[in-house]
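Numbered from 1 within each chain, the chains take letters A, B, ... in sequence-line order. Basis for what follows: all heavy atoms, side chains included, without hydrogens, waters or symmetry-related copies.
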Amino acid sequence: MTKTIVVTSGKGGVGKTTTSASIATGLARRGFKTVVIDFDVGLRNLDLIMGCERRVVYDLVNLVNQESSLHQTLIKDKRLDNLYILPASQTRDKDALTIEGIARVMHKLKKAEFDYIICDSPAGIEKGAKMALYFADEAVVTTNPEVSSVRDSDRILGILQSESKRSKMNEDPVKEHLLITRYNPSRVKDGQMLSVDDIVDLLAIPLLGIIPESPSVLESSNAGKPVILDEESAAGQAYSDAIDRLLGEAKPHRFMEVQKKGILSRLFG
Amino acid sequence: MGIFSFFRSRNDGTTAKVAKDRLQVLIAHERSDRNGPDFLPMLRQDILDVIKKYVDVGEDSVSVNLGQQDACDVLELNITLPEDEVIKVEPSAEAKRRAAERRAAVISGR
């Protein structure tokens with residue numbers, strides 16, 4: 001059974017592509033045949049984060065328009081055998097994607113026996129974002145502890161509940177997950193940042209994970225390597241935990257507390 | 001956290017608390033608009049404007065909800081009037097002025 005997961009947020013720059021890359025990589029590492037699709041037509045970036053930008057030949061729009069085959073279009077990941085990337089097109093044509101076209105692609109992916117299809121949504125609530133979430137069985141709502149991000153996440157939750165295929169066909173609703181990124185426990189402690197509890201309270205959806213603010217996120221993107229592969233880093237470990245929870249494992253949340261400091265820095269910090 | 005912030009009370013007055021309070025109001029408001037048809041916010045505003053002509057009410061005093069009861073769609077209107085205003089039989093000075101203006105307009109045939 002193929003499961004389709006959309007990574008969405010409404011607001012831009014909160015870590016959707018970083019999250020899509022890490023979730024896809026994490027699932028593939030656990031043995032699932034996984035494809036990650038970039039829906040950001042015109043602003044392709046998943047290829048850079050996955051480190052396969054030089055191997056893009058065909059793209060999603062080619063595949064939708066039946067100008068290329070699935071086999072030709074999918075880019076096989078260099079590191080993991082059962083991971084594939086489906087890049088977005090750089091066309092400026094806004095109407096390049098249609099629900100019918102995407103439906104054909106989804107059908108092909110299901111026939112190719114993928115376990116997971118990860119859809120990396122563009123920012124906003126325009127056609128591209130709606131297309132990315134239309135076929136979702138589950139949604140990972142990526143949110144920063146910041147007022148505009150929380151508000152936009154709530155808005156995208158409304159769209160998931162009214163404009164996804166599951167809602168339109170009166171099927172079971174899309175399963176929602178909250179992923180908080182760029183979390184800084186020390187600022188939360190000082191009352192400068194919304195806490196995990198605040199955000200969960202406001203959005204009222206189950207928490208999938210907390211990704212702490214970490215320099216390794218930028219460094220991993222510099223290198224074109226999903227941050228989940230950086231097992232030393234807190235962000236990498238947090239993504240790994242999130243994958244376990246996505247697969248149904250009950251794991252306690254980490255990275256919510258300030259790292260212990262010495263007595264001196266505590267007094268004068 | 002330095003030695004001084006240690007004495008600051010935990011949550012009150014922090015910007016995080018302000019952020020949460022603002023979001024709570026905003027999100028509740030946006031959610032109530034979300035499930036209805038697009039005209040509900042406009043309908044709400046029009047009703048509010050009409051009531052404001054006669055009674056001095058706040059922006060949040062009118063709620064318009066579209067619900068369902070069995071097979072019917074139910075439009076639920078909730079108007080909260082300020083307590084002292086309800087007792088007042090006299091229309092407000094503003095309403096009187098407007099009414100006088102309207103009458104004058106009718107008389108002068110405009």
Side-chain angles (χ1 to χ4, degrees), chain A residues 10-11 125 141 143-164 167 170 173 176 178 180 182-205 256-269, chain B residues 1-48 58-78 80:
Chain A
K11 191 178 180 300
I125 50 172
V141 178
T143 308
N144 285 173
E146 198 238 314
V147 283
S148 48
S149 176
V150 174
R151 177 199 211 170
D152 291 356
S153 290
D154 194 67
R155 198 137 161 67
I156 210 80
L157 282 167
I159 292 173
L160 271 165
Q161 288 156 13
S162 61
E163 299 196 31
S164 61
S167 70
N170 277 323
E176 298 153 344
L178 173 64
I180 300 173
R182 305 199 72 166
Y183 195 68
N184 186 333
S186 107
R187 298 199 74 181
V188 172
K189 197 175 174 195
D190 287 352
Q192 298 169 0
M193 185 181 265
L194 286 166
S195 69
V196 169
D197 290 341
D198 290 340
I199 301 171
V200 171
D201 236 32
L202 287 161
L203 295 178
I205 60 170
M256 285 169 78
E257 303 301 327
V258 184
Q259 300 296 308
K260 286 271 182 288
K261 285 198 277 185
I263 182 80
L264 278 181
S265 60
R266 244 198 277 181
L267 277 177
F268 301 106
Chain B
M1 189 171 88
I3 193 162
F4 297 110
S5 54
F6 182 79
F7 295 106
R8 209 164 47 199
S9 69
R10 250 302 128 87
N11 249 320
D12 292 341
T14 64
T15 55
K17 177 78 169 65
V18 174
K20 189 181 181 187
D21 292 347
R22 289 174 64 212
L23 279 169
Q24 244 160 358
V25 173
L26 181 70
I27 287 178
H29 188 82
E30 289 185 338
R31 275 185 198 160
S32 67
D33 288 347
R34 185 193 287 168
N35 300 321
D38 288 346
F39 67 78
L40 273 194
M42 289 184 284
L43 177 65
R44 180 185 166 279
Q45 193 55 49
D46 283 353
I47 292 171
L48 188 65
E59 286 293 319
D60 294 328
S61 60
V62 174
S63 80
V64 181
N65 286 310
L66 199 65
Q68 273 207 322
Q69 229 165 52
D70 304 324
C72 302
D73 280 344
V74 178
L75 186 69
E76 183 190 293
L77 252 177
N78 243 311
T80 323

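- Comparing A/Met193, A/Arg151, A/Glu146 by how many heavy-atom pairs each has under 4.5 Å with chain B, the most go to A/Arg151.
- Of the atoms belonging to B/Leu26, it is side-chain heavy atoms, and not backbone ones, that fall under 4.5 Å from chain A.
- From B/Gln24, atom CD reaches atom CG of A/Asp198 across 8.5 Å, with rounding to the nearest 0.5 Å.
- Chain B forms more heavy-atom pairs under 4.5 Å with one residue of A/Val147, A/Asp201, A/Asp154 than with any other, namely A/Asp154.
- Heavy atoms only, all atoms of each residue included: A/Leu194 and B/Ala16 are closest at CD2-O, 3.6 Å.
- Taking CG of A/Leu203 as the start and CD1 of B/Ile27 as the end, the distance is 5.5 Å to the nearest 0.5 Å.
- To the nearest 0.5 Å, atoms CG (A/Leu157) and CZ (B/Arg31) are separated by 7.5 Å.
- Contact of the B/Thr14 side chain with the A/Gln192 side chain is not registered, since no non-hydrogen atoms from C-beta on lie closer than 4.5 Å.
- Atom CZ of A/Arg155 has 12 or fewer heavy atoms from other residues, nucleotides or ligands within 6.0 Å.
- Heavy-atom neighbours of B/Asp21 CG from other residues, nucleotides or ligands within 6.0 Å: above the threshold of 12.
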